[in-house]
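Structure first, commentary second.
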Protein chains: 2
Amino acid sequence: MTTKAPAATRNKILMAAFAEFYKHGFQGGSLNHIVEMAGTTKGALFHHFAGKQELGYAVVDDVIGPLLKQRWLDAVATSSDPLADLKRAFRQFVKTDIESGFYVQGCPLNNLAQEMSPLDEGFRTRIDKLYAIWRKCYADALANGIKRGKVRKNISPEHVAALVVASQMGIWGTGKSSRNRELMTQAGEAVCAYLDSLKP
Amino acid sequence: MTTKAPAATRNKILMAAFAEFYKHGFQGGSLNHIVEMAGTTKGALFHHFAGKQELGYAVVDDVIGPLLKQRWLDAVATSSDPLADLKRAFRQFVKTDIESGFYVQGCPLNNLAQEMSPLDEGFRTRIDKLYAIWRKCYADALANGIKRGKVRKNISPEHVAALVVASQMGIWGTGKSSRNRELMTQAGEAVCAYLDSLKP
DNA sequence: TGACAAACATACCAACTGGTCTGTATGTTA
DNA sequence: TAACATACAGACCAGTTGGTATGTTTGTCA
């Protein structure tokens with residue numbers, strides 16, 4: 001009857017690994033926990049992934065990458081007014097992450113970036129690729145905004161995109177270590193004020 | 001003859017622990033490596049520190065705290081023109097960290113913050129205290145700048161300080177995961193441009 | 001000099017780690 | 001039906017971890 005979806009076990013392991021690494025970091029994450037959480041065994045894990053490292057790579061590529069696109073990129077990819085849309089996305093996700101409580105665990109991509117970038121070149125290149133896409137998306141939107149007269153002409157879209165993405169890393173990091181919702185909101189509002197200063 | 005300085009062994013262990021945790025993170029750091037690096041033994045370590053956790057706390061309090069003060073706070077603590085001094089400090093440390101290559105390992109405080117804040121409340125409070133001091137120092141300098149007519153009156157020193165510190169976290173994180181000196185410099189310049197926009 | 005405690009060194013331990021090995025159930029194809 | 005590959009399960013392994021228990025040296029003070 002219901003034919004088992006292909007790679008269903010692989011997906012369960014992937015999601016469990018994402019959760020485990022998100023909570024405990026990659027080095028602190030345990031394969032034993034992961035297989036237990038996924039309701040499977042070591043045999044299955046090592047059948048689908050060459051090792052812990054490859055599992056970590058797959059989490060970045062197959063879980064975090066799509067998550068990033070859906071959450072941050074789609075909102076501004078086709079924007080005709082990037083400053084307004086950026087501000088809207090910022091305020092929305094600061095709010096939802098504070099309300100859901102996820103803000104205390106930070107950004108999954110940034111967590112892995114800070115932990116693994118200096119230790120493992122495979123992680124670093126994969127993570128850097130995602131951040132590069134992120135910045136490119138913002139820079140393109142800003143350049144488009146300049147063309148449409150919605151953004152000041154004398155700014156560098158690349159520089160601004162680099163700062164905005166870096167600020168996001170820092171703001172979510174601030175929320176994580178301070179657990180201060182107001183502080184995180186304040187920093188977010190300061191970014192919005194900065195974006196306003198880029199209007200023509 | 002040369003009387004051994006008090007707590008010399010403790011200091012050697014502290015410095016070795018700082019280096020080990022800076023490289024491998026707290027969870028990934030090994031006490032065996034630390035005592036080997038310090039040229040001592042487990043007995044000495046557990047004589048001076050109750051355990052790995054206490055050793056980590058001591059690294060935050062006795063190593064990273066003073067380092068932060070000397071590097072970032074002293075420069076603006078007595079500043080009469082905070083925007084200029086902030087820009088100068090920013091450009092200087094971006095430059096020296098790029099030249100020394102330390103930028104690929106990120107900020108020691110931010111590294112620990114991202115890794116340990118969600119996992120250990122003792123770490124979190126100690127780290128948060130340092131960041132709070134950091135923000136307070138910038139906010140005071142900005143407020144002082146307003147009084148002296150060097151900073152716009154209609155900005156919130158606290159909001160700006162929160163964003164500047166968060167941006168620093170993000171910029172050093174960007175340098176770490178991208179290993180792109182130009183990108184890090186660009187983001188730094190964008191912060192400087194932002195600071196310029198706060199002039200009266 | 002003797003007594004006592006602080007400052008280490010050494011040997012050792014249980015727990016857990018990532019990873020491997022072998023076995024088995026389940027399709028799939030010839 | 002026979003042959004074979006895929007997808008797991010579960011026992012097992014060597015190595016490393018943080019931590020402890022015990023022994024030894026060193027400094028201090030009476």
Side-chain angles (χ1 to χ4, degrees), chain A residues 1-60 62 112 115-116 119-123 126, chain B residues 1-60 62 112 115-116 119-123 126:
Chain A
M1 293 293 129
T2 63
T3 45
K4 195 162 65 172
T9 303
R10 189 190 133 99
N11 265 335
K12 283 199 297 183
I13 294 174
L14 260 182
M15 297 314 295
F18 170 74
E20 172 79 1
F21 295 153
Y22 186 38
K23 264 198 183 174
H24 298 94
F26 179 75
Q27 300 182 94
S30 157
L31 297 186
N32 295 326
H33 287 173
I34 290 173
V35 295
E36 191 182 357
M37 205 186 316
T40 178
T41 63
K42 281 256 188 81
L45 195 157
F46 278 87
H47 172 75
H48 286 288
F49 305 94
K52 192 185 188 185
Q53 194 182 45
E54 300 296 328
L55 176 58
Y57 293 172
V59 165
V60 175
D62 301 344
L112 271 182
E115 180 186 4
M116 297 308 297
L119 297 179
D120 186 299
E121 185 63 12
F123 268 107
R126 281 170 172 81
Chain B
M1 293 296 128
T2 63
T3 46
K4 197 162 63 172
T9 302
R10 189 190 133 98
N11 266 334
K12 283 200 297 183
I13 295 175
L14 260 182
M15 297 314 294
F18 170 74
E20 172 79 1
F21 295 152
Y22 186 37
K23 266 199 182 174
H24 302 284
F26 178 75
Q27 299 182 95
S30 156
L31 297 186
N32 295 326
H33 288 173
I34 290 173
V35 295
E36 190 182 358
M37 205 186 316
T40 178
T41 64
K42 280 257 187 80
L45 195 158
F46 278 87
H47 173 73
H48 286 288
F49 304 94
K52 192 186 189 185
Q53 194 181 46
E54 299 296 327
L55 176 58
Y57 292 172
V59 165
V60 175
D62 301 345
L112 271 181
E115 180 186 4
M116 296 308 298
L119 298 179
D120 186 299
E121 185 64 12
F123 268 107
R126 282 170 172 80

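Each chain gets a letter, A, B and so on, in the order its sequence line appears, and its residues count up from 1.
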Between [X] and [Y], is any pair of side-chain heavy atoms under 4.5 Å apart?
X: A/Ile34; Y: A/Ile13; value: yes
X: B/Val60; Y: B/Phe21; value: no
X: B/Lys12; Y: B/Thr40; value: no
X: B/Thr9; Y: B/His48; value: yes

Practice item. Check each residue of residues 21-36 of chain B for a non-hydrogen atom within less than 4.0 Å of any atom in DNA chain D, then write out the ones that pass by number, or none. Key: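 Hits under 4.0 Å, by residue number: B/Gly29, B/Ser30, B/Leu31, B/Asn32.
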Would you name the heavy atoms of [X] and [Y] that are closest together and state the gap between them?
X: B/Glu20; Y: B/His33; result: OE2-ND1, 3.2 Å
X: A/Val35; Y: A/Asn32; result: CG2-O, 3.2 Å
X: B/Phe49; Y: B/Ala58; result: CE2-CB, 3.7 Å
X: A/Leu119; Y: B/Lys23; result: CD2-O, 3.1 Å
X: B/Ala19; Y: B/Met37; result: CB-SD, 4.2 Å

**Study point:** Pair listing, salt bridge (Lys or Arg N to Asp or Glu O under 4.0 Å) test, anchored in residues 24-34 of chain A, at least two apart
**Key:**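 Output for this query is empty, none listed.
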Check your understanding: So which pairs with a foot in residues 38-60 of chain B pass salt bridge (Lys or Arg N to Asp or Glu O under 4.0 Å), sequence neighbours left out?
Key ->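 Listed by first then second residue: nothing to list.
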**Study point:** Candidate nucleotides C/dG18, C/dC8, D/dC8, ranked by approach to the side chain of B/His47 - the nearest
**Key:**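 Among C/dG18, C/dC8, D/dC8, the one nearest the side chain of B/His47 is C/dC8.
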Check your understanding: Parallel, tilted or perpendicular for B/Phe123 and B/Phe26, by the 30°/60° rule?
Key ->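 Ring orientation, 0 to 90° scale: perpendicular.
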Extract from the structure each pairing of a protein N or O with an N or O of nucleotides 24-27 of chain C at less than 3.5 Å, listing the distance.
none

Check your understanding: Are any of A/His48's side-chain N or O atoms less than 4.0 Å away from OP1 or OP2 of D/dC8?
Key ->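 Looking at the OP1 and OP2 atoms of D/dC8, one of them is under 4.0 Å from a side-chain N or O of A/His48.
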Nearest-Å distance for atom pair [atom1]/[atom2], residues [X] and [N]:
X: B/Ile13; N: C/dC8; atom1: CD1; atom2: P; result: 8 Å
X: A/Leu45; N: C/dC21; atom1: CG; atom2: P; result: 16 Å
X: A/Lys12; N: D/dA7; atom1: NZ; atom2: P; result: 15 Å

**Study point:** Strand contacts (DNA chain C) in residues 49-56 of chain B, 4.0 angstrom heavy-atom criterion
**Key:**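 Within this stretch, nothing sits under 4.0 Å of the strand.
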Exercise for review: Keeping the roles fixed (side chain from B/Gln53, backbone from B/Asp120), state whether a donor-acceptor pair exists under 3.5 Å.
Suggested key: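 Here the side-chain-to-backbone pair does not exist.
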Short heteroatom pairs, N/O only, protein and nucleotides 9-15 of chain D, under 3.5 Å:
| unit_1 | atom_1 | unit_2 | atom_2 | d |
| --- | --- | --- | --- | --- |
| D/dA9 | OP2 | A/Thr40 | OG1 | 2.5 |
| D/dA9 | OP2 | A/Thr41 | N | 3.2 |
| D/dA9 | OP2 | A/Thr41 | OG1 | 3.0 |

